[in-house]
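The block underneath contains the structure these notes are about, expressed in structure tokens.
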Amino acid sequence: EPVTATPGQEVNAVLLPKFLGILPFDQANRGAQEAAAELGSTGKLEYIGPTPENSAAGQIEMLTTATTQKQHVVMLSNNAGDQIAATAEAAQAAGTKVVTWDSPIPNGAGESFFVAQVDFGSIGVVMADMAYDLAGGAGEFAVLSASPDAANQNAWIDMMKEALKGDKYKDLKLVDVVYGNDQSEESYNRALGLVDKYPDLKVIMAPTTVGIVAAAKAMQDEGLCEKVKVSGLGLPAEMVSYSLNGCAPQFALWSFVDLGYLTYHASYALATGAIKGEVGEEFTAGRMGTFKIEEDPGRPGTKRVLMGPFTVYTKENVEAAAN
Amino acid sequence: MIGALKSWEGGLLLVFLATLALNAAFAPEFLTVQNQINLFQLSIEKIIVALVMALVIMNAEIDLSVASVMGLSAVVFAYLLNQGWGGGGALVVCLGVGLLAGMVNAVLVAKVGIPSLVVTLAMMIGYRGFSRVIVQDTSLGNFPEWITDLGQQGLIGPLPLSMVLFFLLLVGLGVLLHRTGFGRQVVVIGTNAEVARFSGLDVSRVKATLFVMSSVISAIAGVLYAARLGSVRGDSALGFELDIITMVLLGGVSIFGGKGSMMGVFLSILIILNLRNGMALLNITGHVQTGVIGILLILSVLLPNIVTELRARRARA
Amino acid sequence: MTSAVLELRSVAKSFAATAALRDMSLAIEPGEVHAIVGENGAGKSTLIKIMTGVYRPDAGEILVEGRAVTLRSTQDAQAEGIAAIYQEPMVFPDLNVAENIFISNRASGAFLNWRAMFADADRIVAQLGVSLDVRRAASGLTLAEQQTVEIARALSLKVKVLIMDEPTASLSAHEVERLLSIARALKAQGVAVIYISHRLDEIFRIADRVTVIRDGQHISTRPIGEVTEEGMVREMVGRAIDSFAVKTEANAVGDVALSVQGLGRAGVFSGVSFDLAKGEVLCLAGLVGARRTDVGLALFGIAPATEGRLYLHGAEVRITTPRQAMDLGIAYVSEDRRKLGLAMTLPIFANISLASLRKLLGAFGLIDRKTEAAMAEDYRRQLDIRAPDMRIEVGKLSGGNQQKVMLAKWLETKPGVLIFDEPTRGIDVGAKAEVHGIIRRLASEGVAIIVISSDLPEVMALADRVLVMREGRQAGLLDISEASQERVIAMAAGTGATEAA
Amino acid sequence: MTGLFDRVSPQTLRLVALFLALLATVLFFSTQIEGYLSARMFNRISTSAAVVLPIAVGQAIVIMTRNIDLSAGSILGVVAYMTGQALGAMPDMHPVLAVALAMGIGACAGAINGLLVAVGQVPSIIVTLGTLALYRSFLVEYSNATTITTASLPAWLVDLPQKSLFSIGALDVRVTVVLALAACLAVGLALSRLRAARKFLAVGSNPDAARMAGINAPRVVFVAFVLAGALAGLSGFIFLAKFGNITVVAGLGFELKAIAAVVVGGVSIMGGSGTILGVLMGAVLVDTIDNSLTRWELVSEFWRDALLGMLIMAAVTVDTLAARQLARLRGRDGGGQ
Ligand SMILES: Nc1ncnc2c1ncn2[C@@H]1O[C@H](COP(=O)(O)OP(=O)(O)OP(=O)(O)O)[C@@H](O)[C@H]1O
Ligand SMILES: Nc1ncnc2c1ncn2[C@@H]1O[C@H](COP(=O)(O)OP(=O)(O)OP(=O)(O)O)[C@@H](O)[C@H]1O
Ligand SMILES: [Mg+2]
Ligand SMILES: [Mg+2]
């Protein structure tokens with residue numbers, strides 16, 4: 001039976017995004033603040049992050065500082081890959097819990113558990129499915145990712161490759177994976193590079209919110225929307241026009257507000273000792289209901305809390321979500 | 001000159017003490033031994049390279065490729081370990097990588113005569129590219145435990161290997177710069193390379209030596225980086241060059257060469273590390289921290305200029 | 001009231017602790033050539049820079065045609081009709097010569113007309129009687145050519161007062177003549193010319209009035225007719241100085257130290273041959289651009305020779321780097337103190353030890369700082385370098401003292417062959433006499449000496465033999481007994497009979 | 001023959017060398033990439049170079065005065081964001097006004113740099129290293145994590161990148177490209193024809209001499225930074241139009257792209273010399289290499305940076321050696337008269 005953490009305790013927590021200044025992380029912060037208010041934590045919830053160009057080193061620095069400050073829990077959307085593992089282990093050893101969300105520590109070292117927005121396997125399947133639909137079941141498609149170092153994107157792409165082995169997708173061919181480093185102009189140029197390099201390309205799959213808009217804009221600018229469809233993970237607010245004009249008829253995403261909300265609930269429960277962070281434990285997370293800690297199938301030996309579901313946006317539902 | 005230098009370092013010392021006092025007053029965790037060590041450890045690779053960068057800038061050159069060499073060396077180190085090499089062998093190869101990178105820079109700058117800003121800007125892209133070629137989209141970890149221990153744990157008391165190395169280098173390079181013939185040549189060439197040439201100094205050899213030194217030390221820093229973090233990626237040490245140059249310039253080393261001291265660089269390192277640490281402990285986010293360092297950098301030159309100007313005005317009045 | 005076109009009243013200017021000018025008053029009349037003389041560091045250049053708005057005086061007034069003016073910048077000064085040719089040539093290496101000439105010219109509209117500009121530049125350069133390609137970039141111009149550009153620049157401006165701060169320092173006799181005639185022409189047009197020079201003979205030939213300053217103070221202003229050279233020098237330095245004896249016969253000399261046969265560098269100079277004995281002074285004379293400096297550079301390995309043979313004490317040697325030259329005991333004292341001679345922001349002692357650092361190195365390459373300081377002190381005494389402390393920046397010294405520091409640097413290498421390139425350029429009579437004294441002393445100690453000089457009286461005072469160069473070739477080699485200023489000039493210009501040595 | 005060789009200035013020789021390098025690059029890739037010599041490729045490269053070009057020209061002006069502007073990328077980001085926001089709030093703003101606004105914001109940022117360098121006498125590398133961080137921090141703070149999206153922008157702006165001003169055969173010449181080229185042309189002409197603009201070169205060539213020659217060097221440097229800011233602003237505007245979605249990372253690293261273009265374009269990093277035509281070719285060359293590597297089947301994605309770095313280095317080395325060799329040949333000719 002699920003435990004409910006006692007509200008009103010002192011939990012000093014840090015919400016540490018990949019970097020500050022973009023919308024999804026701000027939304028997560030909103031969710032976390034909402035949860036903190038709901039739980040009436042007498043401690044503080046800090047929302048701090050590094051600069052985009054100093055993300056990996058900055059996150060390591062901030063996690064170390066949080067440990068020094070004896071924060072009870074740090075909620076980390078990891079952008080430093082395994083490089084942060086040693087720091088996270090040191091944090092745990094000093095009594096600061098590390099809960100990851102959005103992007104985990106790939107080898108799981110030093111992380112209590114990972115609050116997964118969606119099942120990484122299923123997002124792989126969904127991406128494969130969206131590509132399948134948009135390509136009409138057969139043809140070439142390519143991936144435009146963030147940076148080669150982005151752990152979550154890499155995991156999703158791997159899962160997608162796994163899914164593509166299924167019989168259904170045998171006529172679908174993944175021809176290339178390129179990286180736009182989450183910068184508009186690089187993503188835009190890489191997208192155009194793809195269509196030039198592969199004249200028969202039917203779909204560009206961009207599992208990054210920056211990449212997907214840049215690719216959609218590129219196809220629209222070059223009048224290629226009829227020929228090459230863009231899909232992937234995008235924010236409805238940013239994608240609405242491309243969704244409506246057919247450049248990106250389908251894409252997926254989950255709620256970052258909910259992700260922040262759930263992450264805070266889980267972290268609060270962990271920090272107050274209501275849960276230990278063991279597989280099998282269940283806890284309640286306010287308006288979102290009950291969640292369970294389980295093995296992370298994508299990363300053997302690590303634990304996750306699965307939020308789900310995600311929404312596939314099409315021109316039917318995108319406008320409502322955009323506002 | 002001596003007087004001016006003294007007062008410059010005096011100023012830095014005051015700023016440093018003020019930072020210490022403020023941190024101690026506002027952040028209760030500041031004065032713990034662990035925090036003091038962390039504060040160095042978090043930027044240890046940068047501050048090690050800053051020491052040698054001071055010499056390069058003093059020589060009126062610049063090396064923008066240091067962070068890329070660091071990343072490349074870290075990646076090569078990790079790659080070899082994953083290929084089953086021993087730590088020692090991998091280290092030697094990394095030194096070789098640093099040597100090679102340094103020699104390429106050195107030949108292009110000192111022999112071909114292309115401005116170092118240009119050479120190292122291109123090589124910054126190039127060397128970074130090679131580490132990408134090696135790791136692609138993966139990360140390399142799983143080092144033998146003794147390596148990560150060396151990178152993370154105390155070697156002499158609580159002082160980790162990298163900090164010991166830093167202090168050795170600080171003293172070593174300080175002596176090299178201020179007390180030896182080589183150091184004198186570095187300064188003279190930085191002041192006026194033609195005068196040095198007309199005095200029989202081998203300008204290109206000194207320059208070449210510095211670029212090789214800079215890359216080799218960057219390569220060592222890269223290995224330390226890998227050992228400290230236990231894992232590397234293609235973007236390891238990305239963008240470190242700006243922080244490193246900031247440290248050197250704030251230390252009073254003239255970007256036009258010929259002027260500066262190791263003491264100044266050390267003080268500026270202390271200031272930047274403490275300031276960052278203090279701000280982090282006060283939960284000030286990354287971009288504000290960066291902004292504050294940026295302002296400090298500008299003020300460090302602007303304020304003395306204003307004072308001089310005011311003095312001149314007063315004298316005229 | 002005064003008729004002065006430019007007047008300074010009680011002007012003072014200090015740099016930190018040094019008072020460069022105190023209570024300086026001076027009036028310049030229209031159409032006069034007004035010479036200003038004084039020792040190195042007397043404050044002449046500072047005075048000029050105040051007149052042209054580069055510096056602002058700490059106290060005192062500047063009047064132009066009776067109006068008090070404030071000169072905030074060189075533009076202000078140019079607007080008042082005051083322009084200057086500075087002591088250190090100021091050209092823009094990346095711009096072409098024509099543009100260098102017209103850079104300050106604001107009169108000719110917002111748009112450039114290159115064709116017209118080249119034509120005008122050609123005209124002005126021709127007026128100076130020099131051949132100079134106005135389309136070429138100014139980089140690589142010799143000091144003298146740079147000076148020409150500066151003079152042309154000042155001529156292109158319509159000025160009331162033209163200041164020349166040691167304009168002839170890097171000119172040889174031929175060009176000096178031309179310059180003096182330009183000054184006279186300007187004077188005839190009613191332009192006031194302020195003329196600063198350490199070459200007193202020029203002053204007597206051109207000046208209407210002479211002002212002597214010493215230690216930043218005005219000593220006297222007199223019509224030229226009322227001054228004598230001795231009197232002027234006494235006022236300048238506060239004591240009497242032996243004027244230069246002209247050498248009439250060569251010193252007794254020892255064995256041949258350096259033998260040069262058919263030395264040349266492709267496309268630069270060729271066919272230079274001479275034997276230089278220990279204790280002998282060989283002077284290289286010639287017009288500007290005769291490539292004398294290049295001979296020095298070849299001997300010192302900076303721009304190595306590509307043809308010919310070199311023998312040092314009888315053994316054939318090849319010199320391709322300065323290091324090699326220094327190891328062979330050759331030293332070269334450059335003509336360009338600022339750019340090639342001294343590290344201006346470094347202390348005096350570091351400059352003195354620069355060429356002999358090796359000697360000071362102990363274990364681990366550490367510099368023996370005590371010996372270094374002692375070395376500097378030694379030269380301070382030996383050469384009478386006037387500085388409060390050997391740790392101050394060499395750039396803060398006066399020209400003459402800088403020259404001595406540069407000399408000290410090379411003396412410390414204990415050279416057997418010492419090449420001086422324009423050893424007294426820009427230094428005052430007192431310092432000049434001292435430098436000459438040093439050169440003579442070195443010669444008497446058995447050092448083989450080459451002096452490259454554009455100052456003919458200097459050549460006559462120092463040389464045992466004179467090698468005259470013209471357009472990169474050896475025009476002749478004269479024993480001092482057969483040399484005269486006229487003969488050297490004729491040979492250098494190619495107008496007299498050319499005789500091979 | 002010798003006559004012609006002598007009359008051509010070193011600058012011109014550099015340009016010829018650069019043009020040959022560009023030609024060689026294009027020819028090489030045309031053998032490697034199918035359909036390379038096409039109108040489409042022209043569009044790709046021209047529109048992508050159009051973003052970098054103004055900022056590179058601005059950088060060139062600053063470098064000509066013997067300074068450097070490391071903050072250009074941050075200025076671009078700030079301008080793209082603020083202009084996008086203004087256009088979102090006032091969709092009826094006239095396009096010309098929008099461009100002026102972008103350039104104005106950029107000029108303000110440039111003016112701050114300029115003041116600190118010219119009046120504060122702080123070396124430009126220090127100032128702009130500082131403002132590189134500061135302007136970006138300001139943007140993070142100011143944007144409040146909201147993104148400018150295409151949806152919020154007026155339609156004319158979103159459509160601007162596809163708009164061609166005219167076509168030469170199958171080659172479309174897009175408005176953004178014309179805008180960038182116009183900036184190039186204006187600055188290029190000014191630098192060769194306008195007396196005031198020559199001062200940039202004079203100051204960079206010899207700052208002391210500039211002062212002595214009555215040039216107000218601080219003011220010239222100030223103006224250079226303001227112009228560089230304004231041109232970074234123009235790049236910001238084109239960036240905004242082209243990519244539509246502006247986040248806080250917009251323009252990150254553009255200062256290095258600009259410097260690379262300038263340096264490859266033969267502008268001396270020591271100030272005083274260089275041509276805008278060179279910068280144009282430098283920008284196009286770097287962009288061509290980058291764009292072509294993306295499309296080259298033989299190299300994987302992961303080789304791109306390594307090759308880009310090496311090719312830039314190669315271009316600069318060849319240029320330096322060739323220029324020196326030519327100068328030497330000429331020196332011999334000149335000396336032998
Ligand atoms: N910028 C400066 N800073 C400090 N001291 C200076 C500066 N310029 C000149 N001085 C000092 O002021 C004094 C006068 O120098 P100035 O250059 O006017 O002499 P000068 O008469 O022109 O000498 P010279 O014959 O060598 O050219 C000297 O003591 C010099 O060291
Ligand atoms: N046409 C030229 N182009 C480039 N550099 C030149 C040229 N002429 C001379 N130089 C350089 O200028 C310096 C001095 O030149 P040079 O030897 O011709 O003059 P000089 O006879 O010593 O006369 P002075 O020293 O009085 O000017 C040398 O370094 C030489 O290489
Ligand atoms: Mg003077
Ligand atoms: Mg000479």
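Protein chains get the first letters and strands the later ones, always in sequence-line order, with residue 1 at the start of each. Here the structure is a predicted model, which is why all the values come from computation and not from measurement.
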Do you know which of [options] has the most heavy-atom pairs under 4.5 Å to chain B?
options	value
S353(C), A325(C), A350(C)	A350(C)
L366(C), L340(C), D336(C)	L340(C)
A12(C), G365(C), G341(C)	G365(C)

- Lys/Arg N to Asp/Glu carboxylate O, R184(B) vs E372(C), below 4.0 Å: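 Salt bridge: yes.
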
- Message: Does K339(C) form a side-chain contact (heavy atoms from CB on, under 4.5 Å) with V195(B)? I'd like the steps, not just the answer.
- Response: CA-CA 7 Å; K339(C) 290 211 191 89; V195(B) 168; over 6 Å; no

At their closest point, which heavy atom of [X] faces which heavy atom of [Y], and how far apart are they?
X	Y	answer
F198(B)	F300(C)	O-CE2, 3.4 Å
P322(C)	G200(B)	CB-CA, 3.9 Å
G181(B)	I367(C)	N-CG1, 3.5 Å

- Message: Using the side chain to side chain donor-acceptor pair (under 3.5 Å) criterion, which residues pair with R265(C)? Sequence neighbours excluded.
- Response: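 So R265(C) forms no side chain to side chain donor-acceptor pair (under 3.5 Å) with any residue.
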
- Which bit of F364(C) comes within less than 4.5 Å of chain B, counting heavy atoms only: side chain, backbone, both or neither?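 It is the backbone, since no side chain atom gets that close.
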
- Message: Is any side-chain heavy atom of F256(B) closer than 4.5 Å to one of T345(C)?
- Response: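 Side chain of T345(C) against side chain of F256(B), heavy atoms only: no contact under 4.5 Å found.
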
- Message: Using side-chain heavy atoms (C-beta onward) and a distance below 4.5 Å, is L342(C) in contact with N192(B)?
- Response: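 No. Closest side-chain heavy atoms not under 4.5 Å.
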
- Positions in residues 407-419 of chain C that reach chain B, provided some heavy atom is under 4.5 Å away: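 Checking residues 407-419 of chain C against chain B gives K409(C), W410(C).
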
- Query: Mind checking which of residues 354-362 of chain C sit less than 4.5 Å from chain B, heavy atom to heavy atom?
  - Reply: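 Only L354(C), A355(C), L357(C), L361(C) of residues 354-362 of chain C have a heavy atom under 4.5 Å from chain B.
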
- Could you look at L176(B) and say if it's the side chain, the backbone, both or neither that has a heavy atom under 4.5 Å from chain C?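 No part of L176(B) comes within 4.5 Å of chain C.
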
- Query: Atom CZ in R338(C), atom CD in E194(B): separation rounded to 0.5 Å?
  - Reply: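 R338(C) atom CZ to E194(B) atom CD measures 14.0 Å (nearest 0.5 Å).
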
- Item | Value rounded to 0.5 Å, distance of OG1 in T321(C) from CG in L201(B) |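 Output value for this atom pair is 11.5 Å.
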
- Are more than 12 heavy atoms from other residues, nucleotides or ligands located less than 6.0 Å from atom CZ of R369(C)?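 Not buried by this count: 12 neighbours or fewer within 6.0 Å.
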
Sequence neighbours excluded and cut-off under 3.5 Å, please list the side-chain donor-acceptor pairs for residues 103-115 of chain B, or say none.
{"unit_1": "N105(B)", "atom_1": "OD1", "unit_2": "Y127(B)", "atom_2": "OH", "d": "3.4"}
{"unit_1": "N105(B)", "atom_1": "ND2", "unit_2": "S65(B)", "atom_2": "OG", "d": "3.1"}

